[in-house]
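The structure appears right after this line, and notes come after that.
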There are 2 protein chains.
Amino acid sequence: MAHVIIVRGAASTGRYGQAMAETETDAVSENRMKRKPRAANAPPAAGSGMRVRSAAKNSDIVYRDLHKAIVTMELTPGAPVLERKLTEQYGVSRTPVREAVLRLVEDGLVEVAPKSGTFVARIPLSVVREALVARRALEEVTVRAATELSSESQIMQMRAIIQHQQEMADAGDEEAFHQADDKFHASIAAAARYPGIWKMIQQVRIQVERYRRLTLPQNGRMPMVVKEHTAVLDAMAARDADAAVARMNEHLDKLQLDISIFRDLWPDYFAIDPSLDEKLFAGK
Amino acid sequence: MAHVIIVRGAASTGRYGQAMAETETDAVSENRMKRKPRAANAPPAAGSGMRVRSAAKNSDIVYRDLHKAIVTMELTPGAPVLERKLTEQYGVSRTPVREAVLRLVEDGLVEVAPKSGTFVARIPLSVVREALVARRALEEVTVRAATELSSESQIMQMRAIIQHQQEMADAGDEEAFHQADDKFHASIAAAARYPGIWKMIQQVRIQVERYRRLTLPQNGRMPMVVKEHTAVLDAMAARDADAAVARMNEHLDKLQLDISIFRDLWPDYFAIDPSLDEKLFAGK
DNA sequence: GAAAATTAACTGGTATACAAGATATATCAG
DNA sequence: CTGATATATCTTGTATACCAGTTAATTTTC
C-alpha cells in the first residue's frame with residue numbers, strides 16, 4: 001500500500017528541449033509578433049456528450065489512497081498526515097499532495113492546523129448521529145423508488161450479491177464483506193435511478209464507516225446483516241414498498257446502538273463537538 | 001464586486017531579511033549541528049475544544065465570491081472561469097485561486113477541461129430532479145424534529161423571519177427575499193439540532209438554487225412562498241409534526257413543476273446527463 | 001534542579017516557473 | 001473563396017522556492 005511511486009510522465013525531471021527557441025531569425029519572429037492573441041476557449045457544447053476525459057491526475061491517486069486508508073482505519077484518527085512524507089512516497093511534488101489533502105478536508109476526513117500540522121480527523125459523535133438520520137432518510141426514498149422501478153434481473157443480481165456476502169461472512173473476510181455490503185446498497189440506488197442520492201449516501205456513510213469499523217468486529221453482526229438485507233430484498237421482490245422501507249429502517253437502526261461504549265473504549269478517536277450554533281452559522 | 005484586491009500580508013514581495021544567516025561563527029554553527037531534529041507535531045488533544053482558528057485564507061475569499069456569483073447566476077452556465085483573470089482581480093497568485101476553483105469543482109459548480117479551460121458548470125437536469133427528492137427527504141426529518149424540539153422563542157423568531165420575508169416580497173427585493181427564505185429553513189434546522197443535515201440541505205439547495213433563479217422571476221411566486229412558510233410554521237406551533245411535514249412537502253413540491261419549459265427557454269444552461277451507470281460506478 | 005527564555009527546525013500558505021496538451025488563428029493549397 | 005495544415009498562444013497540471021507562524025528541543029537563569 002505504501003511507498004508506491006508514481007511514474008506517469010517524466011519522473012526524472014530531465015531538461016530536454018532547453019535550447020530551441022533561440023535559433024530564430026528576426027524576420028520570422030517579427031512576422032509572428034503580428035499575430036493577435038487568440039480569444040478565450042469556447043465552453044464545450046451544451047448538447048454534446050460533455051466528455052471530460054480527465055486523465056487520472058496524480059492528485060487523484062494520492063486522494064484515493066489516503067481516503068481509503070482513513071476510512072478503513074488504517075490511518076487512525078489523530079494520526080499526522082505529513083505532506084513531505086507523501087511527496088517522497090509517491091514521487092510527486094507538494095502541489096498534487098496538497099490538492100488531495102484539501103479534498104480530504106472537504107470530506108471531513110482530515111483537519112489542518114494552519115502552520116502546525118495536518119491530522120486525520122477524529123470522529124465527531126454528533127456527526128455520526130446525524131449521519132445515521134440522514135442516511136435513513138435518503139435510503140428510504142431510494143429503496144421506495146427501487147421497489148417500484150427495479151427489474152427482475154436487478155432483483156436477481158441483488159440476490160447474488162447477498163449470497164456472495166453470506167459466503168464472505170462465512171469465510172470471515174471482513175473486507176470483502178464490506179464491499180458486498182456496499183454493492184448491495186449501491187444496486188438499490190442504481191435500480192432507483194438515483195445516482196446523485198447514492199453519492200450523497202456514500203458521503204454520509206463515510207462518516208459512519210470509520211465508526212462501524214470499530215463496532216463490527218465486536219459482536220458477530222455479519223450474519224445478521226445478511227438476514228436484514230434478505231428481508232429488504234424480499235419486500236422489494238414482493239413490490240411492497242412500505243415493507244421494504246420498514247426493513248431497511250430496521251437494518252439501519254441496528255447501527256446506532258451503543259455509541260457511548262465505543263467512545264469510552266477509544267476516547268482518542270472521537271471528538272467533542274463544538275456548539276451547534278457555531279457550526280450552523282460558520283458557513284456565512 | 002469585481003476587482004477587489006486582497007492586501008492581507010505583504011502584497012509587494014519585499015526581500016527583507018535576505019542576508020542574515022551568513023553571519024555565524026563556525027563554533028556556534030557546529031554546536032547547532034548537534035541538535036536532533038524535533039519530533040513530528042503532536043495532534044491536538046482529543047477533549048480539547050479542537051480550536052482550529054483558521055485565519056481566512058485568500059483561497060477562501062476567492063471561493064466565497066465565485067460561489068456566490070455562480071449561485072446567483074451572475075456567472076451563467078458555460079461562462080469561462082479564467083484563473084489568470086482572477087489572479088489579477090484579487091491580486092493573489094494562482095495557487096489560492098486554483099484551490100478555490102478545485103473546491104467549486106467539488107461542489108459541482110464548475111467543470112475543468114484538463115488542458116483547455118475551466119467553465120461554470122451547466123445545470124444537469126437529472127441532478128436537479130434528484131436534488132429535489134433528496135431535499136424533500138432531508139427537510140422532512142428536519143421539520144419533524146424541529147416540531148418536537150423547537151422552543152417558543154424559536155417559533156417566535158421564525159414568525160419574525162416570515163414577516164420580514166413578506167415585507168421583502170412586497171418591496172420586490174428578490175435578493176433579500178432569498179436570504180429570508182434561507183434563514184427560515186436554517187432556523188428550522190437549528191431548532192431540530194441538525195447542523196450537519198442542514199449543511200447537506202444547503203449543498204443540495206445549491207444545485208436547485210440556480211435553477212430556481214430562473215423560475216422565480218417568472219410567475220409571482222414570492223407571496224405564495226410566504227403563505228406556504230406560514231402554513232409550515234403554524235403546524236409546528238401546534239406541535240403537529242405530520243401536518244408540518246405535509247405542509248413542507250407541499251411547499252417543496254411547488255418547485256418541480258416545469259423543468260422542460262425552462263430547458264427550452266435556456267437550452268445552453270442545461271446539460272444532458274451521462275448514463276446512470278457511468279455516474280454510479282465512476283467512484284470506484 | 002526547575003522554570004523561563006531562546007532558538008532551530010518543522011509546518012502549511014503563497015508565489016513563481018516550467019511542462020505538456022488543446023485550440024483558435026494564420027497560412028497555404030486547390 | 002473554401003478546406004486542410006501548421007503554429008503560436010492559450011490553458012491547466014506540476015515542480016520548486018520562499019515566507020510566516022508554530023512548536024519542540026535547547027539553553028539560560030534563578
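Quick note on labels: first sequence line is chain A, next is B, and so on, each numbered from 1.
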Separation of B:Ser93 OG from B:Leu86 CG (nearest 0.5 Å)
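One gets 12.0 Å once the value is rounded to the nearest 0.5 Å.
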Let me confirm one number: the CG-CG distance from A:Leu66 to A:Leu109, rounded to the nearest 0.5 Å.
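Here the interatomic distance stands at 10.0 Å.
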What integer distance in Å separates [X]:[atom1] from [N]:[atom2]?
X	N	atom1	atom2	result
A:Glu88	D:dA15	CD	P	14 Å
B:Leu86	C:dA15	CG	C1'	16 Å
A:Lys115	C:dT11	NZ	P	14 Å
A:Glu99	D:dT14	CD	P	6 Å

Name the closest nucleotide to the B:Arg94 side chain, picking from C:dA22, C:dT16, D:dT16.
C:dT16
Among C:dG12, C:dA15, C:dA22, which nucleotide has an atom closest to any side-chain atom of B:Pro96?
C:dA15
Report yes or no: is there a donor-acceptor pair, N or O only, under 3.5 Å between the side chain of A:Arg84 and the base of C:dG12?
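No, the side chain and the base share no sub-3.5 Å donor-acceptor pair.
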Inspect the contact between B:Glu209 and B:Arg213 and indicate whether a charged nitrogen and a carboxylate oxygen are less than 4.0 angstrom apart.
yes
Does the side chain of A:Tyr63 come under 3.5 Å of the side chain of A:Asn58 through a donor N or O and an acceptor N or O?
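No, A:Asn58 and A:Tyr63 have no side-chain donor paired with an acceptor closer than 3.5 Å.
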For a quick check of understanding: with a heavy-atom distance under 4.0 Å over all strands, which category does A:Val105 fall into, base, sugar-phosphate or nothing?
nothing
How is B:Val101 classified with respect to the nucleic acid when contacts are heavy atoms under 4.0 Å: base, sugar-phosphate, or nothing?
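No contact.
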Under 4.0 Å between a side-chain N/O of B:Ser116 and OP1 or OP2 of C:dA22, yes or no?
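No, no such contact exists.
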